[in-house]
**Q** 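Take this structure, written in structure tokens, and hold onto it; I'll ask about it next.
This is a predicted model, so every value here is computed, not measured.
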Amino acid sequence: MTQPHHIIIAGGGTAGWMAANLLAHQLAAHPVRITLLESSDIATVGVGEGSTPTLKQFFRELGITDEQWMPACQATYKVGIEFRGWSPQSGIDSYRHPFISQLDSYSERPFQVNCHTRRLGLDVTTRPDKFLFNSYLGQAGFSPSTPPNFPFRIEYGYHFDAALLGAFLKQHALHQGVEHINCTIEAAQTHPDGSLKTLIDTKGQRHSADMFIDCTGFRGLLLQQTLKVPFEPFAANLFNNKAVVIATAAPARPQVETRSTALSSGWAWQIPLQHRTGNGYVYSDDYLSADAAETELRQHLRVVDGQAEARHLSMKVGQVKQHWFKNCLALGLAQGFIEPLEATALHLVQLSINAFCKHYIKGNFTHQEADAFNQYIRGQFANVRDYIVAHYKLNTRHDSAYWVDNRNNMQLSEPLLQLLDTWYRGKDLAAHLQQRHQHSHFNSTSWHCLLAGYGTFPPLAAQQPGGADMFSEHQLATFFDGCLLNFGPPLTASVG
Ligand SMILES: Cc1cc2nc3c(=O)[nH]c(=O)nc-3n(C[C@H](O)[C@H](O)[C@H](O)COP(=O)(O)OP(=O)(O)OC[C@H]3O[C@@H](n4cnc5c(N)ncnc54)[C@H](O)[C@@H]3O)c2cc1C
């Protein structure tokens, strides 16, 4: 296949409009026409309100400032995630997985050394919250925007209203010259070689191009339904397949973290926006009915029936066998989904578009190049999946069959088994990850946050020689408290 001159994006959810913007921007120097088809009769999934710091790069690349887009999308800053109730038997009520900032280069090593010391049975500080600066911002509820003269870059992501973000991205893409057609695709025609040729809408209009991007959500209209690329579910080790969503009022002062609380058969998110709080319960219908899930979420939120509307959703968790097949690339829910525990979906969309654009610019459109792309993206999905799976595998809850079954589940990938083995044997996890090229979005410090946050340690040794605690030796508490003096609450006026 040669470098395409007309790309059709099917679907106008967040994935479709992100793709439209990045393609228009990154391929601006190339003679390529971009058309996005979306159906006003088919709703977007309407959830997906938390991001990783990768979204910051997305806006930066497009030249859009926080001040320009955050008010339009009722967005707030996110410095990480607070996990509550995932590992109660370890004596840990909650822990934080903050985004790792440049400032943490000072404390990441002491954190990992202390974790190693604790794995030898010595009693040292290992709570991730103590070692990583964004945790301090999260606890204080402070904005991560860096004050003038503060010498370190602070990483952050966002919370946002998904519908407003879609609308914002649409306007921006249209300004960049992306064509937009409102239509419902009904059928697709293929070339004799099996590649896509033309999409036909319900009014009989034909839409032809030489490359197609499937952003039609869970239905996967082009890649899965038309080109019959198989979908590989992750159900063996990610049990959750349903969600129930209820919005509540915005707090007077929104927190700067996503909160993730373990419930009886899954977990609930709490995402603070400027105009409301997004809440949802992600669960498995093998363990809980939709009614029971809604009741439990209402109890958790202290919201009575009738006070706030609940929306029930199904989730298709897994990934397609080939993300790029012939002249079709799938993005967003059409390429796969790993449940929303670490809010990585848009991160994977962005990664996929960037990788595709690199191929486009180099003119790499051979089967081998598509294979290399697929291997890379599938690896990224697998790495994220393993990190999420570990949250379930390592839980120490005993209150339901759901948690016990998750803990007893041995259907883990080989890399995850090896990683846990490295940890339990007290070996060097950072070196292990480096050797195995597992440096995905979740690096060694993120893994340490998870494992230490869960208290995945052996019992303490009878003899405690003392003097090995790098947290106190490096006076990290004093250092972080000093840094914190430079920050303050989010200035909501400037962002909304
Ligand atoms: C419970 C839940 C929580 C989530 N939380 C997060 C999160 O915190 N962070 C995160 O990054 N992600 C999250 N996600 C994922 C996130 O919602 C999606 O990745 C994101 O919204 C992109 O969706 P999409 O654009 O792929 O699909 P959709 O939003 O479903 O859009 C599909 C588009 O395709 C169009 N379409 C479909 N069929 C046709 C047709 N026949 N003709 C024309 N157009 C058609 C529709 O009109 C629509 O525009 C979550 C998902 C779920 C289910």
Side-chain angles (χ1 to χ4, degrees), residues 1-27 30 32-38 54 58 169 173 178-179 185 188-191 193-199 207-232 316 318-338 344-382:
M1 186 187 161
T2 52
Q3 217 170 27
H5 293 294
H6 185 196
I7 299 175
I8 283 186
I9 300 169
T14 319
W17 287 115
M18 274 182 95
N21 276 287
L22 281 183
L23 290 175
H25 179 75
Q26 294 189 14
L27 308 184
H30 296 260
V32 60
R33 186 178 149 206
I34 300 164
T35 308
L36 187 144
L37 312 182
E38 75 173 315
T54 322
F58 169 81
L169 294 179
V178 172
E179 297 167 30
I185 303 157
Q189 285 178 338
T190 52
H191 291 288
D193 69 356
S195 60
L196 286 170
K197 182 180 173 196
T198 305
L199 306 181
H207 309 275
S208 300
D210 36 14
M211 180 85 205
F212 294 82
I213 303 192
D214 185 352
C215 296
T216 57
F218 282 133
R219 48 181 67 72
L221 188 65
L222 304 186
L223 193 82
Q224 293 175 57
Q225 286 190 39
T226 307
L227 298 183
K228 306 292 180 212
V229 171
F231 183 82
E232 297 176 345
K316 192 166 132 192
Q319 66 169 324
V320 289
K321 197 155 183 217
Q322 287 132 309
H323 295 248
W324 175 3
F325 180 67
K326 295 192 183 284
N327 63 343
C328 182
L329 174 77
L331 291 176
L333 300 174
Q335 73 181 138
F337 180 51
I338 305 161
T344 46
L346 296 184
H347 164 82
L348 289 166
V349 170
Q350 210 176 322
L351 211 72
S352 304
I353 305 169
N354 287 340
F356 175 76
C357 284
K358 275 194 193 131
H359 283 280
Y360 186 100
I361 290 163
K362 285 188 185 156
N364 291 340
F365 279 85
T366 61
H367 288 307
Q368 288 87 340
E369 297 296 341
D371 287 348
F373 174 92
N374 286 324
Q375 198 181 348
Y376 168 65
I377 299 297
R378 282 177 62 78
Q380 294 296 325
F381 265 73

**Q** So which heavy atom on Q26 is nearest to which on C357, and how close?
**A** OE1-CB, 2.9 Å

**Q** Give, for atom OG1 of T2 and atom CG of N327, the distance between the pair rounded to the nearest 0.5 Å.
**A** 10.5 Å

**Q** If you compare all heavy atoms of L227 against all heavy atoms of C328, which two are closest, and at what distance to 0.1 Å?
**A** CD1-CB, 3.6 Å

**Q** What verdict does the side-chain contact (heavy atoms from CB on, under 4.5 Å) test give for I9 and I34, after you've listed the backbone C-alpha separation in whole Å, the side-chain angles of each residue and the deciding distance to 0.1 Å?
**A** CA-CA 7 Å; I9 300 169; I34 300 164; 3.8 Å; yes

**Q** Mind checking what makes salt bridge (charged side-chain N to carboxylate O under 4.0 Å, His left out) contact with E369, not counting sequence neighbours?
**A** none

**Q** Please tell me if the side chains of V32 and L23 come closer than 4.5 Å, counting only heavy atoms from C-beta onward.
**A** no

**Q** Give the intermediate values and the outcome of side-chain contact (heavy atoms from CB on, under 4.5 Å) for residues F373 and L329.
**A** CA-CA 10 Å; F373 174 92; L329 174 77; 3.5 Å; yes

**Q** Could you tell me whether the side chain of F58 reaches within less than 4.5 Å of the side chain of L169, counting heavy atoms only?
**A** yes

**Q** Any non-hydrogen side-chain atom of W324 less than 4.5 Å from a side-chain atom of S352?
**A** no

**Q** Where is the tightest heavy-atom contact between A355 and I377, given as atom of each residue plus distance?
**A** CB-CD1, 4.5 Å

**Q** Any heavy-atom pair between the side chains of I8 and L37 that's under 4.5 Å?
**A** yes

**Q** For a 4.5 angstrom cut-off between non-hydrogen side-chain atoms, does K358 reach N364?
**A** no

**Q** So, for V229 and K321, which heavy atoms are closest and what is the spacing to 0.1 Å?
**A** CG1-N, 4.0 Å

**Q** Distance check, rounded to the nearest 0.5 Å: I7 atom CD1 versus R33 atom CZ?
**A** 11.5 Å

**Q** Hey, is the main chain of Q319 close enough, under 3.5 Å, to the side chain of Q335 for a donor-acceptor pair?
**A** no

**Q** Okay, side chain of W17, backbone of A19: is any donor-acceptor separation there less than 3.5 Å?
**A** no

**Q** CZ of F365 to CZ of F356: how many Å apart, nearest 0.5 Å?
**A** 4.0 Å

**Q** Ignoring hydrogens and angles, write down the donor-acceptor pairs under 3.5 Å from the side chains of residues 207-224, residues two or more places apart or on other chains.
**A**
from : atom 1 : to   : atom 2 : distance (Å)
H207 : NE2    : D201 : OD2    : 3.0
S208 : OG     : T198 : OG1    : 2.9
D210 : OD1    : H5   : N      : 3.2
D210 : OD1    : H6   : N      : 2.8
D210 : OD2    : H5   : N      : 3.0
D214 : OD1    : T216 : N      : 3.0
D214 : OD1    : T216 : OG1    : 2.6
D214 : OD2    : L221 : N      : 3.4
D214 : OD2    : L222 : N      : 2.8
D214 : OD2    : L223 : N      : 2.9
T216 : OG1    : L221 : N      : 2.8
R219 : NH1    : T216 : O      : 3.4
Q224 : OE1    : K316 : NZ     : 2.8
Q224 : NE2    : A334 : O      : 3.0

**Q** Which atoms form the tightest heavy-atom contact between T190 and G194, and what is the distance?
**A** CG2-O, 3.9 Å

**Q** Contact between N354 and L351 at the side-chain level, heavy atoms closer than 4.5 Å - yes or no?
**A** no

**Q** Anything under 30° is parallel, anything over 60° is perpendicular, the rest tilted; go ahead and classify F381 against H323.
**A** tilted

**Q** Counting C-beta onward and ignoring hydrogens, is there a side-chain heavy-atom pair between L346 and T54 closer than 4.5 Å?
**A** no

**Q** Considering only residues two or more places apart or on different chains, which pairs with a residue in residues 370-379 satisfy side chain to side chain donor-acceptor pair (under 3.5 Å)?
**A** E232-R378

